[in-house]
Amino acid sequence: MKAVRVHRYGEDARIEDVPEPEITGPLDVLVKVGAAGVCRTDLHVLEGQWDAIQRPELPYILGHENAGWVLETGSAVTNVQPGDTVILHPLVACGLCPPCRAGEDSHCEASSFPGLNADGGMAELLKTSARAVVKLDSSVAPADVAALADAGLTAYHAVRKAVPLLPPGSEAVVIGAGGLGHIGVQSLKALTRAHITVVDTSDAALALAKELGADATVNPNDLHPAARAVGEPPADAVVLAVLDITCGGAHVVFDFVGEHGTEITGPAMLRNRGSYYAIGYGGTVALPTIDLISREISVVGNLVGTYQDLAELMTLNSQGEITLHTTTYDLLDAVQALHDLDAGKLTGRAILVPNP
């Protein structure tokens, strides 16, 4: 089968022929991939950022946002059968460790992570587990939902955690309205009645955010001339603009970028007792402890989401509350899709489709 594999960090992935996976265990599920999302994490994988954490054996297949149709199952699988349409939770959890028993399967002590430390779904077939598959209505097209398996799940998980902090009349700030952020905006609209301000350097992304329900938008590029005129750094101008819109700062800032300076400006946009939710990554959060204490602000990490989060997200998707905005590529054009993502040419999410 055709697959997109990483061979060496710092280089493009390669599209090549590899052996098809086979059922070997009673809970195995073999999925015919209908679509695989292209994520900024894939860029970080190719850069080698995940090597120290996941220690994958190279080469292996990329792709952790996957949906398709069940092709074959192991002898003990009862929740799906061949022909079912499914979306896959990005982690394959054991179900037996303390985190799994507590429903925190994204922190499973014995998990595998297809696309990060095991073969993923940027291929024609993917082997996963019965614990990872969420059965969908047969009318659902995998290309319409695949990226919800991570981008959607991660954004929803972060917003779901923050719901108690965002009563009606509260202020939420979303940094980055791209592949994750545009789902974060929809999650905020579906789960809260917070006032939503979106910050992004792309006018197209901000227009989409407005369409999806953002109440206010800020493009830092538009503030640069005014900022220079008064001698203020652009970052300060962005913070001041957000503090003005939010009447003193956000109750929660959702940073879907997490690098290139947003990890600095994000916490500065908080009001006292506010929370900075880090979702995107790549940068470093550095805060004086006196600020943490005197202002009682919190920094909260967010990793993917639970199986239950994904099931809830797919319910909202079926109700039309949360949808994906995508650009589709043939699986054989995966390297171009990764380059387009890296260059900031995409609005929403890139999706790879085998044999379109």
Self-check item: His89 and Gln308 side chains, donor-acceptor separation under 3.5 Å
Solution: no

Quiz item: Of the options Thr306, Asn302, Asp309, which is the one that meets His157 in a side-chain hydrogen bond (donor to acceptor under 3.5 Å, both in side chains)?
Solution: Asp309

Quiz prompt | Thr326 side-chain N/O to Thr328 backbone N/O, donor-acceptor pair under 3.5 Å | solution = no

Practice problem: Please say whether more than 12 non-hydrogen atoms of neighbouring residues, nucleotides or ligands are located less than 6.0 Å from NZ in Lys32. | Solution: no

Quiz prompt | Summary of salt bridge (Lys or Arg N to Asp or Glu O under 4.0 Å) pairs that have at least one residue in residues 137-152, sequence neighbours excluded | solution = none

Quiz item: Do Tyr329 and Asp340 have side chains that get closer than 4.5 Å, going by heavy atoms?
Solution: yes

Quiz prompt | Side chain proximity check, Met1 to Pro21, heavy atoms < 4.5 angstrom | solution = yes

Quiz item: Should Val140 and Leu313 be regarded as members of a common hydrophobic cluster, given that ILVMFWY residues are connected when their side-chain heavy atoms come within less than 4.5 Å of each other, either directly or indirectly?
Solution: yes

Quiz prompt | Stepwise side chain to side chain contact (heavy atoms under 4.5 Å, CB included) check, Phe256 with Thr154 | solution = CA-CA 10 Å; Phe256 290 99; Thr154 301; 6.0 Å; no

Practice problem: Could you walk me through whether Val173 and Thr246 pass side chain to side chain contact (heavy atoms under 4.5 Å, CB included), step by step? | Solution: CA-CA 9 Å; Val173 171; Thr246 58; 3.9 Å; yes

Practice problem: Enumerate the residue pairs fulfilling salt bridge (Lys or Arg N to Asp or Glu O under 4.0 Å) with a member in residues 41-55, sequence neighbours excluded, ordered by first and then second residue. | Solution: Asp51-Arg55

Self-check item: Pair Glu171-His251, side-chain donor/acceptor within less than 3.5 Å
Solution: no

Quiz item: Pairs in or reaching into residues 114-129: which pass side-chain hydrogen bond (donor to acceptor under 3.5 Å, both in side chains), with residues at least two apart or in two chains?
Solution: Thr24-Lys127, Gln54-Asn117, Glu124-Asn355

Practice problem: Could you tell me whether Glu312 and Arg160 make a salt bridge, using a distance below 4.0 angstrom between a side-chain N and a carboxylate O? | Solution: yes

Exercise. Check ring pair (Phe, Tyr, Trp, His ring centres under 6.0 Å) between Tyr307 and all other residues, then give those that pass, not counting sequence neighbours.
Key: none

Self-check item: Side chains of Arg131 and Leu27 in contact at under 4.5 Å (non-hydrogen atoms)
Solution: no

Practice problem: Could you note down all residue pairs passing side-chain hydrogen bond (donor to acceptor under 3.5 Å, both in side chains) where residues 98-111 supplies at least one of them, sequence neighbours left out? | Solution: none

Exercise. Dump the intermediate steps for side chain to side chain contact (heavy atoms under 4.5 Å, CB included) on Thr73 and Ile23, then the final yes or no.
Key: CA-CA 7 Å; Thr73 65; Ile23 297 291; 5.7 Å; no

Practice problem: Can you tell me which residue pairs pass the ring-ring contact (aromatic ring centres under 6.0 Å, His included) test with a partner in residues 162-192, sequence neighbours excluded? | Solution: His182-His325

Quiz item: Taking atom CG of Leu212 and atom CG of Leu208, what is their separation to the nearest 0.5 Å?
Solution: 4.5 Å

Self-check item: Rounded distance (nearest 0.5 Å) linking atom CG of Leu88 with atom CG of Leu153
Solution: 12.0 Å

Quiz item: Should Arg349 and Glu65 count as an ion pair when the cut-off is N to O under 4.0 Å?
Solution: yes

Quiz prompt | Test item: Asp244 side-chain N/O and Ala241 main-chain N/O as donor-acceptor pair under 3.5 Å | solution = no

Self-check item: Donor-acceptor side-chain pairing of Tyr277 and Ser298 below 3.5 angstrom
Solution: no

Exercise. Answer yes or no: is there a side-chain heavy-atom contact under 4.5 Å between Cys39 and His64?
Key: yes

Self-check item: Heavy atoms from other residues, nucleotides or ligands near CD of Glu57 exceed 12 (cutoff 6.0 Å)
Solution: no

Quiz item: If you measure from CG on Leu316 to CG on Leu191, what distance do you get to the nearest 0.5 Å?
Solution: 6.0 Å

Quiz item: For residues Asp203 and Asn219, is any side-chain donor paired with an opposing acceptor at under 3.5 Å?
Solution: yes

Quiz item: Between the side chain of Arg271 and the main-chain N/O of Gly249, is any donor-acceptor distance below 3.5 Å?
Solution: yes

Practice problem: Show your working on side chain to side chain contact (heavy atoms under 4.5 Å, CB included) between Val31 and Asn66 and close with a plain yes or no. | Solution: CA-CA 9 Å; Val31 174; Asn66 308 301; over 6 Å; no

Quiz item: If you measure from CG on Leu352 to CE on Met122, what distance do you get to the nearest 0.5 Å?
Solution: 5.0 Å

Quiz prompt | Check: Gln186 and Thr323 side chains under 4.5 Å, non-hydrogen atoms | solution = yes

Practice problem: Might you confirm whether atom NZ of Lys135 has over 12 heavy atoms from other residues, nucleotides or ligands at distances under 6.0 Å? | Solution: no

Self-check item: From Leu223 atom CG to Asp236 atom CG, the distance as rounded to the nearest 0.5 Å
Solution: 11.5 Å

Practice problem: Decide if atom CD of Glu22 counts as having more than 12 heavy atoms of other residues, nucleotides or ligands within a radius under 6.0 Å. | Solution: no

Exercise. Give a yes or no answer on whether the side chain of Asp200 reaches the backbone of Leu206 with a donor-acceptor pair at less than 3.5 Å.
Key: no

Self-check item: N/O donor-acceptor pair under 3.5 Å between Tyr60 side chain and Leu116 backbone
Solution: yes

Exercise. Begin with the C-alpha distance, continue with both residues' side-chain angles, and end with the deciding distance and a verdict on side-chain hydrogen bond (donor to acceptor under 3.5 Å, both in side chains) for Asp255 and Thr262.
Key: CA-CA 7 Å; Asp255 188 351; Thr262 64; 2.9 Å; yes

